[in-house]
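Values in this document were obtained by computation on a predicted structure and should not be read as measured data. Residue numbering restarts at 1 for every chain, and letters A, B, ... go by the order of the sequence lines.
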Amino acid sequence: MTRFVRGYNTSVTETVPAYSPLPVAFYLEPTLLAARNLLGAFVVRRFADGETAVGRIVETEAYTVGDPACHAFRGKTQANAAMWGRPGTAYIHINYGLHFCLNAVTAMDGVPEAVLIRAIEPVTNAARLLRNYTGQTEATEAEALSDKRIGAGPGRLSRAFAISKPVFNGYDLTDAGGDLFLAAGEPVAEEAVTTTTRIGITKGADFPWRFYVSASRWVSRR
DNA sequence: TAGACGATAGCCT
DNA sequence: GGCTATCGTCTAA
C-alpha cells in the first residue's frame with residue numbers, strides 16, 4: 001500500500017503526517033477565498049505504475065458565476081458540465097485545442113464556479129514529472145528541479161502530472177485513495193501573496209482574481 | 001457542417 | 001517582447 005509522506009525525500013519511512021485531502025467544506029468557501037487559500041496546498045498524484053509525485057500550488061485564478069471570462073457564463077454544455085458538479089471535483093478544460101487545464105470546482109452543487117490551478121513547484125519526484133513532460137526515459141531530480149516546464153503554466157503542469165480530460169474531468173479531488181487529490185499545506189501569509197489580474201483572457205480582464213506566491217520562481221508570469 | 005475563437009506554449013528576434 | 005501553430009468546442013445555418 002502506498003503511503004503519501006510529506007517532505008522532500010520520498011524514502012523517509014518514519015511516521016510523518018500523510019497528505020490529508022482538503023475537505024469538501026474547503027471548496028464551499030467563497031471562490032475567491034478558496035483560490036487564495038489553495039496557495040500552499042499540494043497536488044498529489046499517483047501514476048498508473050504506482051509511482052507518486054507531489055507539487056505545491058503557487059498560482060491560481062478564480063472563475064465565478066456572472067464572470068464573463070468563466071466558461072459557465074453562456075450556460076451548461078457537454079464540455080463544461082463538470083463545473084456544475086459537487087464542490088471538490090475536477091473540471092478539466094482543453095485550451096487552444098491542445099492544452100489541458102486543471103480546475104477545482106467550488107461552490108454548492110449546481111453553482112458553476114472553479115479555481116484554475118496555474119502553477120506548482122515540485123515537492124517530490126520532480127524527475128518523474130520531467131520524464132512525463134518530455135517523454136524521455138532519463139531525468140535526474142536535480143535537473144528537473146530547475147526545469148520550469150514541469151510546473152509554470154496550466155498546460156505544462158497538466159502534461160507533467162499526466163492529467164487529461166478523459167481521465168480526470170469530474171474526478172473527486174477529496175479522496176486520499178484516488179490517483180489525484182489536493183491536500184492541505186502550510187498556509188501562505190498575506191504579505192507573501194500577490195493579487196493581480198488574470199492571464200490570457202479578454203472578457204473580465206480587469207478583475208484582480210489571480211493569486212500567486214510572490215517569492216516563487218515557478219509563477220507562470222509576473 | 002463550415003467558420004470563428006480561445007483561461008497556451010514554444011520559438012524567434 | 002512578438003508571432004503563430006493547432007484543434008476542440010460552440011454557433012449559425
Side-chain angles (χ1 to χ4, degrees), chain A residues 27 30-36 38-39 41 43 55 57-85 89-107 111-122 126 129-136 139 143-144 146-171 173 182 194-213 216-222:
Chain A
Y27 302 94
T31 298
L32 285 168
L33 193 59
R36 184 253 173 267
L38 271 174
L39 296 178
V43 175
I57 298 171
V58 295
E59 181 180 350
T60 61
E61 285 179 1
Y63 290 87
T64 71
V65 166
D67 166 14
C70 181
H71 287 167
F73 188 66
R74 295 186 186 285
K76 194 172 185 174
T77 65
Q78 195 173 22
N80 67 15
M83 290 193 79
W84 276 259
T89 58
Y91 163 53
I92 315 289
H93 82 268
I94 300 174
N95 202 283
Y96 292 90
L98 63 162
H99 304 292
F100 293 114
C101 299
L102 170 64
N103 297 252
V105 174
T106 55
V111 179
E113 305 200 341
V115 175
L116 170 67
I117 296 171
R118 287 192 52 92
I120 61 93
E121 52 189 33
L129 296 176
L130 186 56
R131 291 201 305 273
N132 284 349
Y133 191 89
T134 61
Q136 316 260 313
E143 74 175 311
S146 63
D147 196 325
K148 301 262 195 331
R149 292 178 300 175
I150 63 177
R156 288 168 163 181
L157 76 90
S158 297
R159 181 163 157 181
F161 280 82
I163 294 169
S164 70
K165 179 163 181 171
V167 177
F168 288 109
N169 194 38
Y171 201 85
L173 297 174
L182 301 184
T194 299
T195 303
T196 180
T197 52
R198 296 172 294 182
I199 306 248
I201 56 173
T202 52
K203 292 160 288 194
D206 49 341
F207 298 2
W209 288 1
R210 171 174 175 248
F211 305 91
Y212 66 84
V213 176
S216 178
R217 294 162 38 238
W218 294 81
V219 169
S220 66
R221 222 181 89 190
R222 308 230 164 230

> How does DNA chain B read in dot-bracket, base by base from 5' to 3', with Watson-Crick or G-U pairs under 3.5 Å and | used when the partner is on another strand?
Replying inline: ||||||.|||||.

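For DNA chain B, the outermost nucleotides in 5' to 3' order that have an atom under 4.0 Å from a heavy atom of chain A are B:dG6 to B:dG10.
Considering CG of A:L102 and CZ of A:F168, their distance stands at 9.5 Å, rounded to 0.5 Å. With rounding to the nearest 0.5 angstrom, the NZ atom of A:K148 is 13.5 Å from the OH atom of A:Y133.
Across all their heavy atoms, A:V43 and A:L182 have their closest contact at CG2-CD2, 3.7 Å. Among all heavy-atom pairs drawn from A:A152 and A:S220, the shortest one is C-CB, 3.9 Å. The minimum heavy-atom distance between A:L116 and A:C101, with the atom names listed, is CD1-CB, 3.8 Å.
Not a single donor-acceptor pair under 3.5 Å links the side chain of A:E61 to the backbone N or O of A:R118.
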> How would nucleotides 2-13 of chain C be written as a contact map, 5' to 3', with B for base contact, S for sugar-phosphate-only contact and - for no contact, using protein heavy atoms under 4.0 Å?
Replying inline: ----BBSSSS--

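Salt-bridge formation is detected for the pair A:R210/A:E59: a Lys NZ or Arg NE/NH1/NH2 atom is positioned less than 4.0 Å from an Asp or Glu carboxylate oxygen.
Checked against A:E113 for a side chain to side chain contact (heavy atoms under 4.5 Å, CB included), the options A:T106, A:N103, A:D67 give a single hit: A:T106.
Heavy atoms from other residues, nucleotides or ligands lying under 6.0 Å from CZ of A:R74 number 12 at most.
Here A:I199 lies in heavy-atom contact (under 4.0 Å) with sugar-phosphate atoms only.
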>> Run A:W218 and A:V213 through side-chain contact (heavy atoms from CB on, under 4.5 Å) and show every step you take.
In response: CA-CA 9 Å; A:W218 294 81; A:V213 176; over 6 Å; no

